[in-house]
**Q** 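Quick one: this structure, given as structure tokens, is what I'll be asking you about.
Lettering of chains follows the sequences in order, A, B, ..., and the numbering in each one begins at 1. Only this structure's heavy atoms are used, side chains among them; waters, hydrogens and symmetry mates stay out. Please read these numbers as outputs of a predicted model, since none were measured by experiment.
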Amino acid sequence: GDSVTQMEGPVTLSEEAFLTINCTYTATGYPSLFWYVQYPGEGLQLLLKATKADDKGSNKGFEATYRKETTSFHLEKGSVQVSDSAVYFCALSTTGGGNKLTFGTGTQLKVEL
Amino acid sequence: DAMVIQNPRYQVTQFGKPVTLSCSQTLNHNVMYWYQQKSSQAPKLLFHYYDKDFNNEADTPDNFQSRRPNTSFCFLDIRSPGLGDAAMYLCATSPMVGLSTDTQYFGPGTRLTVL
């Protein structure tokens with residue numbers, strides 16, 4: 001079945017450091033890929049998405065590129081801020097799966113001054 | 001602003017006492033989803049409605065039921081909550097089902113505590 005594997009957290013960075021959160025996937029067919037962010041005590045918000053190979057999703061300084069050859073969708077940001085502290089979920093959906101989202105286990109990011 | 005609203009944000013119930021969680025949306029989306037998210041885990045889909053068509057996930061316990069009286073509202077009923085049902089319950093919507101490119105829009109969640 002479909003699955004998403006994320007690097008385990010927590011990840012602790014200093015402000016202005018470079019961020020990479022790794023995400024790889026296994027899916028039948030051609031999935032769409034998503035990054036969702038969850039701030040403490042809140043629901044999930046879409047951060048970015050990519051719907052086909054080589055697409056790059058970007059938002060708020062974050063970006064991720066859909067790499068079909070390596071089945072990856074790594075999240076990057078050049079300079080993190082304290083306000084980026086949250087849990088980040090990589091997810092996929094497939095048309096044959098009824099648009100069901102399959103999530104990774106999440107990676108907690110903590111940014112310190 | 002168009003949004004997904006969940007009430008209450010925090011719900012405390014007793015072991016075995018039925019509880020209902022509410023979700024409403026102003027996005028006019030056809031699809032509504034309920035996810036269960038236990039502490040430090042990924043959200044897990046319980047079921048979804050495409051319009052009035054109910055779709056249960058194979059591993060969703062019978063203890064969980066849902067109602068969608070109209071496009072805007074969807075309810076999650078837990079008939080006899082156990083301690084293991086304590087979790088955050090997330091409601092989400094999307095415009096269509098069957099399109100993997102569609103974004104799901106999440107509400108803020110209801111945190112359920114079972115005493």
**Q** Transitively linked via ILVMFWY side-chain contacts under 4.5 Å: A/Phe103 with B/Leu90?
**A**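 Same cluster: A/Phe103 reaches B/Leu90 through Ile, Leu, Val, Met, Phe, Trp or Tyr contacts under 4.5 Å.
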
**Q** When rounded to the nearest 0.5 angstrom, what is the spacing between CZ in A/Phe34 and CD in B/Gln104?
**A**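 Between A/Phe34 CZ and B/Gln104 CD, I get 7.5 Å after rounding to 0.5 Å.
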
**Q** Linking I/L/V/M/F/W/Y whenever any side-chain heavy atoms sit under 4.5 Å apart, do B/Leu21 and B/Phe15 land together?
**A**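 Yes.
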
**Q** Taking all heavy atoms of A/Glu42 and all of B/Met88, pick out the closest pair and write down the distance.
**A**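 Heavy-atom minimum between the residues: O-CE, 4.5 Å.
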
**Q** Which answer fits B/Glu57, side chain, backbone, both or neither, if we ask what part of it has an atom under 4.5 Å from a heavy atom of chain A?
**A**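 Just its side chain gets close to chain A.
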
**Q** Kindly say whether A/Leu101 contributes a backbone atom to a donor-acceptor pair with the side chain of B/Tyr33 at under 3.5 angstrom?
**A**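 Not at all, since once roles are kept as given, no pair shorter than 3.5 Å links the two residues.
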
**Q** Atom CD of A/Gln45 and atom OH of B/Tyr105: how far apart are they, to the nearest 0.5 Å?
**A**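 If I round to the nearest 0.5 Å, the distance is 12.5 Å.
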
**Q** Give me the atom names and distance for the closest heavy-atom approach of B/Ala42 to A/Gly104.
**A**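 The pair with the smallest heavy-atom distance is CB-O, 2.9 Å.
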
**Q** Heavy-atom cut-off 4.5 Å, strictly under: side chain, backbone, both or neither for A/Tyr36 against chain B?
**A**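 Interface part for A/Tyr36: side chain.
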
**Q** Taking 4.5 Å as the heavy-atom cut-off, does anything in residues 6-15 of chain A contact chain B, and if so which residues?
**A**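 Residues of residues 6-15 of chain A touching chain B at under 4.5 Å: none.
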
**Q** Would B/Phe75 and B/Leu45 show up in the same hydrophobic cluster when neighbours are defined by side-chain heavy atoms closer than 4.5 Å?
**A**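 Different hydrophobic clusters.
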
**Q** Does atom CD of A/Glu69 have more than 12 heavy-atom neighbours from other groups under 6.0 Å away?
**A**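 Yes, the 6.0 Å shell around CD holds more than 12 heavy atoms from other groups.
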
**Q** Tell me whether the count of non-hydrogen atoms from other residues, nucleotides or ligands lying under 6.0 Å of CZ in B/Arg111 goes above 12.
**A**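 Open: at most 12 neighbouring heavy atoms sit under 6.0 Å from CZ of B/Arg111.
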
**Q** Quick check: is A/Val4 connected to A/Leu47 through a chain of hydrophobic side chains (ILVMFWY, heavy atoms under 4.5 Å apart)?
**A**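 In one cluster: yes.
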
**Q** Would you indicate whether B/Asp62, at its atom CG, is surrounded by more than 12 heavy atoms from other residues, nucleotides or ligands within a distance under 6.0 Å?
**A**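 No, not enclosed.
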
**Q** Would you say that B/His48 contacts A/Lys100 through its side chain, given a criterion of any heavy-atom pair below 4.5 Å between the two side chains?
**A**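 Not in contact.
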
**Q** A/Phe89 and B/Pro43: which non-hydrogen atoms are nearest, and at how many Å?
**A**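 Heavy atoms only, the tightest pair is CE2-CD, 3.9 Å.
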
**Q** Would B/Met3 end up clustered with A/Val37 when hydrophobic side chains under 4.5 Å apart are linked, directly or stepwise?
**A**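 No, no single cluster joins them.
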
**Q** Side chains of B/Thr103 and A/Lys49: does their closest heavy-atom pair fall under 4.5 Å?
**A**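 Counting from C-beta outward, B/Thr103 and A/Lys49 do come under 4.5 Å.
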
**Q** Given that the side chain runs from C-beta out, which part of A/Leu44 has a heavy atom under 4.5 Å from chain B: side chain, backbone, both or neither?
**A**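 Contact with chain B is through both the backbone and side chain of A/Leu44.
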
